Amino acid sequence: MKTFLIEIGTEEIPARFLSKGLGTLKEKFAEFFSNSYIEYGKITGYATPRRLALLIEDIAEKQQDREVEIIGPPKKAAFDSAGSPTNAALGFAGSLKVDVRELRVIKTDRGEYLAVTTKEKGEFTKDVLRKALPPIIQSLQFSRMMRWGNGTMRFVRPICWILALFDNEHLDFEIDGLKSGNVSFGHRFLSPGPIHVNSPADYSTLMSENYVLADPDERKTVILDGIKKIESQYKCNATKDDELLQTVISLVEYPTVIIGNFDPEYLALPKKLPVTVMKSHQKYFSVEDNDGNLMPYFILVSNTLPDNNEIVRKGAERVLKARLEDAKFYFSEDQKISLWNYVERLKKVTFHEKLGSLYEKSERVAFICSFIADKLTLGSKDNLLRASMLSKADLVTGIVREFPELQGYMGMIYALNSGEESEVATGIYEHYLPVFSGDKLPQSDIGTIISLADKIDNISSFFLIGLIPTGSEDPFALRRQAAGILHILQNGDYTFSLDELIEKSLQGLESYSPSIRTLKEKISRFFLQRLEGLIMSQGYSHDIVKAALSVKDLQISDIYERVESLSLLKKTAGFPELLIAAKRVYNILTDTKPHVIKEDLFIEKVEKDLLDAARDVGRRLKNTGYDALYGLEDPINNFFDTVLVMDKRPEIKENRLALLSMVKEVFNELGDFSRIII
């Protein structure tokens, strides 16, 4: 068995691309070996800002021998009217060096075709690899790609070298003028010269000797151990931030953990402000005491030797001081006027060139908030409407222009400092929630209402101007915002439906387009697609979800209740028989227009029995649960077994169809039973 090593050396890859890039590389090679009938073992991935690499063990020297079925011309073209093989059949057999009598006819989705099964002898793995490596590397995709020089190659960053070894043998190939070799490079500054790698087994050790910890998990361990030592020595706690940790791991090749400090005067700033300065701009970890209070320290991870710690620390402190001083200045300047005075400035800031200013956006949000408040009978709307108009005011402050991730938080701080009531300030902060999947939901009434209004206005607005998510493209995060609305509606007791919310948001946009009404169905489908995915992710079957979602104009919480009720009902012993009865009703009512039931047109007793059963079950559904639907099974079957629904007399036929329509509506209280599969 052999070991294979591939390393793609590049200019610095942005941290956000590194982990996903390595994952994609692993997937590509696992797929290649499987599809090429080559046995392989453990895959170890390596990634630093300057390289993506894989070491794959226990690889077979040759492909497996296998039988391959090759399809040729269609049968009708392969034989003439006398059944003799045509030139098409003879040519097919000749190309494969087989006797025409070895050809056989198989059935495919496209009809009958000639085919032959041949034995294919496996090639040497190194030869298969050598041919496959260029297309595999060129197939790697990142969200941002670039070209360089005069070549046509596209990659996340310019490729500087390629190392490819199959055991001790170099696999030579070329990509866009760059030839592979057995040479790698260590740390850009600590070991810039070439490194000759003669065996894949030597790779990790050689990298370490040249100041590169190629394994991201090894770098993570070094960083966490360094942080723990600092925490123990300084009796402090580094802020737990997995996102920042992953970023730092992806920024360095030889991590060294260092503690620095800053002037305690900056602790007077709102806590999240210096924390954001440290994280977003400098990639430093903030530090707290055991009570959660911010301390005048920070932890940074350098990409150099410990001998340089003092120089690195002083430089980091100098840069951080300048950043904190900027934050202090903006914080002071912003508060020279009240937050409400910033609202007027929103008139000069464009939300979108086709959708007016941020001020107009705030007015639309307030309009939707007023509707929701009326539906919920909240009473006074003064604080809600004030908070909705203030919700975007901090976007024109100095701090938020410098640190956009603080939107909402700084609005809350400035509102409190401007004398606004606490529920107004809380609503400003919470209206951005949830920010990501799994994030907490707004807790206050005002925050919840503004969150719903802001998100539905965003979705409707961008749908209006055609900026609708397609494929993986969703630049305005409309899918995330739709999911946020659904989570809020699911977890609250709301007296309005999603359709009503969409309707109201579109009313606020009528001045921008005369054909605004045509958007409602499109937006509803967008939400239903999100809702379907959310419910199915919780383990419910596809058919049950489809059945429940067919009920129109329901509250989201009602849909979840129906999904759960349908799932439980489907598990009961007699459900298959009930479903068969229900589908007899659904199947005959295709494209049937409803009519009024006229009891005086009943001829058979089973008609009256079915009407009584439908009325009784309809009354009992909400009181006794959906098991009451079993009361329809026998009356339905008796009805179909006794009468001819499509009677020659039009009035009798229409009356029986009207009766069945009523029965169908009873089933529809829970969902569309025609969509359920047993």
Side-chain angles (χ1 to χ4, degrees), residues 5-22 25 44-55 137 140 142 144-149 151 153 155-165 175-198 200 202-223 226 244-258 281-284 299-316 318-319:
L5 172 66
I6 178 73
E7 181 189 56
I8 306 168
T10 68
E11 296 294 348
E12 274 77 2
I13 300 172
R16 65 185 183 277
F17 297 142
L18 203 61
S19 179
K20 187 173 181 180
L22 180 59
L25 190 64
T44 302
Y46 300 99
T48 78
R50 299 181 67 210
R51 74 201 73 234
L52 293 170
L54 295 181
L55 189 145
I137 294 172
L140 294 175
F142 298 83
R144 295 285 180 89
M145 304 282 279
M146 63 180 296
R147 286 193 297 112
W148 57 95
M153 176 73 183
F155 206 66
V156 62
R157 285 297 182 269
I159 297 177
C160 302
W161 74 89
I162 299 174
L163 166 68
L165 290 176
I175 298 180
D176 207 29
L178 179 66
K179 294 182 178 180
S180 65
N182 66 337
V183 174
S184 181
F185 291 84
H187 193 285
R188 182 182 290 277
F189 304 111
L190 302 178
S191 181
I195 305 166
H196 288 83
V197 184
N198 296 316
D202 300 335
Y203 178 73
S204 182
T205 301
L206 283 171
M207 289 296 103
S208 295
E209 290 173 353
N210 288 273
Y211 305 103
V212 173
L213 301 184
D215 186 348
D217 290 335
E218 187 178 357
R219 296 201 299 279
K220 179 179 181 179
T221 298
V222 170
I223 292 170
L244 177 58
L245 176 61
Q246 186 58 51
T247 298
V248 171
I249 291 169
S250 300
L251 283 172
V252 298
E253 291 193 317
Y254 195 76
T256 301
V257 184
I258 306 170
H281 282 252
Q282 304 306 126
K283 308 301 184 247
Y284 301 161
I299 295 174
L300 69 99
V301 180
S302 74
N303 189 32
T304 187
L305 294 171
D307 297 347
N308 299 319
N309 281 6
E310 188 61 21
I311 296 174
V312 172
R313 180 182 62 78
K314 287 182 179 179
R318 184 170 60 253
V319 173

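Residue numbers start at 1 and run along the sequence shown. Predicted model, so just to flag it, every value in this text is computed and none were measured.
With sequence neighbours excluded, no residue satisfies salt bridge (Lys or Arg N to Asp or Glu O under 4.0 Å) with Arg16. Taking the side chain to side chain donor-acceptor pair (under 3.5 Å) definition, one finds that Ser180 meets it with His170, sequence neighbours left out. Residues that satisfy the side chain to side chain contact (heavy atoms under 4.5 Å, CB included) test with Asn303, not counting sequence neighbours, are His187, Val252, Glu253, Tyr254. In this structure, the side chain to side chain donor-acceptor pair (under 3.5 Å) partners of Tyr203, at least two apart in sequence or on a different chain, are Glu7. Under the side chain to side chain contact (heavy atoms under 4.5 Å, CB included) criterion, Leu245 pairs with Lys220, Ile223, Leu224, Ile249, Phe285, not counting sequence neighbours. Listed by chain and number, the residues in a side chain to side chain donor-acceptor pair (under 3.5 Å) with Asp176 amount to none (sequence neighbours excluded). Arg157 pairs by the salt bridge (Lys or Arg N to Asp or Glu O under 4.0 Å) definition with nothing, not counting sequence neighbours. Legend: residues meeting salt bridge (Lys or Arg N to Asp or Glu O under 4.0 Å) with Arg219, ordered by chain and number and at least two apart, are absent. Applying the ring pair (Phe, Tyr, Trp, His ring centres under 6.0 Å) rule to His281 yields the partners Phe403; only residues at least two apart in sequence or on another chain are considered. The side chain to side chain donor-acceptor pair (under 3.5 Å) check on Arg147 picks up nothing, with sequence neighbours excluded.
The side-chain heavy atoms of Ile6 and Ile162, taken from C-beta on, include a pair separated by under 4.5 Å. Under the 4.5 Å side-chain criterion, counting only non-hydrogen atoms from C-beta, Leu251 is in contact with Lys283. Between Leu18 and Gln246, every side-chain heavy-atom pair lies at or beyond the 4.5 Å cut-off. With contacts defined as side-chain heavy-atom distances shorter than 4.5 Å, the pair Leu165/Asn198 does not qualify. By the 4.5 Å heavy-atom criterion applied to side chains, Thr10 and Phe155 are counted as neighbours. Residues Tyr46 and Arg51 have side chains not in contact (no heavy-atom distance under 4.5 Å, counting atoms from C-beta outward). Considering only heavy atoms from C-beta on, Thr256 stays 4.5 Å or farther from Thr304 through its side chain. Looking only at side-chain heavy atoms (C-beta outward), Pro158 and Met153 stay at 4.5 Å or farther from each other.
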Open item on the list: side-chain contact (heavy atoms from CB on, under 4.5 Å) for Val312 and Leu300? Distances and angles first, verdict last.
Closed with: CA-CA 9 Å; Val312 172; Leu300 69 99; 3.7 Å; yes

- [ ] Start with the C-alpha distance between Met146 and Val156, add both sets of side-chain angles, then the distance that settles side-chain contact (heavy atoms from CB on, under 4.5 Å), and finish with yes or no.
- [x] CA-CA 6 Å; Met146 63 180 296; Val156 62; over 6 Å; no

Open item on the list: Between Val183 and Val197, does the side-chain contact (heavy atoms from CB on, under 4.5 Å) criterion hold? Intermediate values first, please.
Closed with: CA-CA 6 Å; Val183 174; Val197 184; over 6 Å; no

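When all heavy atoms of Phe142 and Gly21 are compared, the pair lying nearest together is CE2-CA, 3.6 Å.
How far OG of Ser250 is from CG of Leu22: 9.5 Å, rounded to the nearest 0.5 Å. In this structure, OG on Ser184 lies 12.0 Å from CD1 on Ile8, to the nearest 0.5 angstrom. Within the model, atoms OG1 of Thr48 and CZ of Arg188 stand 10.0 Å from one another, a figure rounded to the nearest 0.5 Å.
Sorted by first and then second residue, the pairs that involve residues 209-218 and meet side-chain hydrogen bond (donor to acceptor under 3.5 Å, both in side chains), not counting sequence neighbours, are Ser191-Asn210. The stretch residues 300-309 participates, sequence neighbours left out, in no salt bridge (charged side-chain N to carboxylate O under 4.0 Å, His left out) pair at all.
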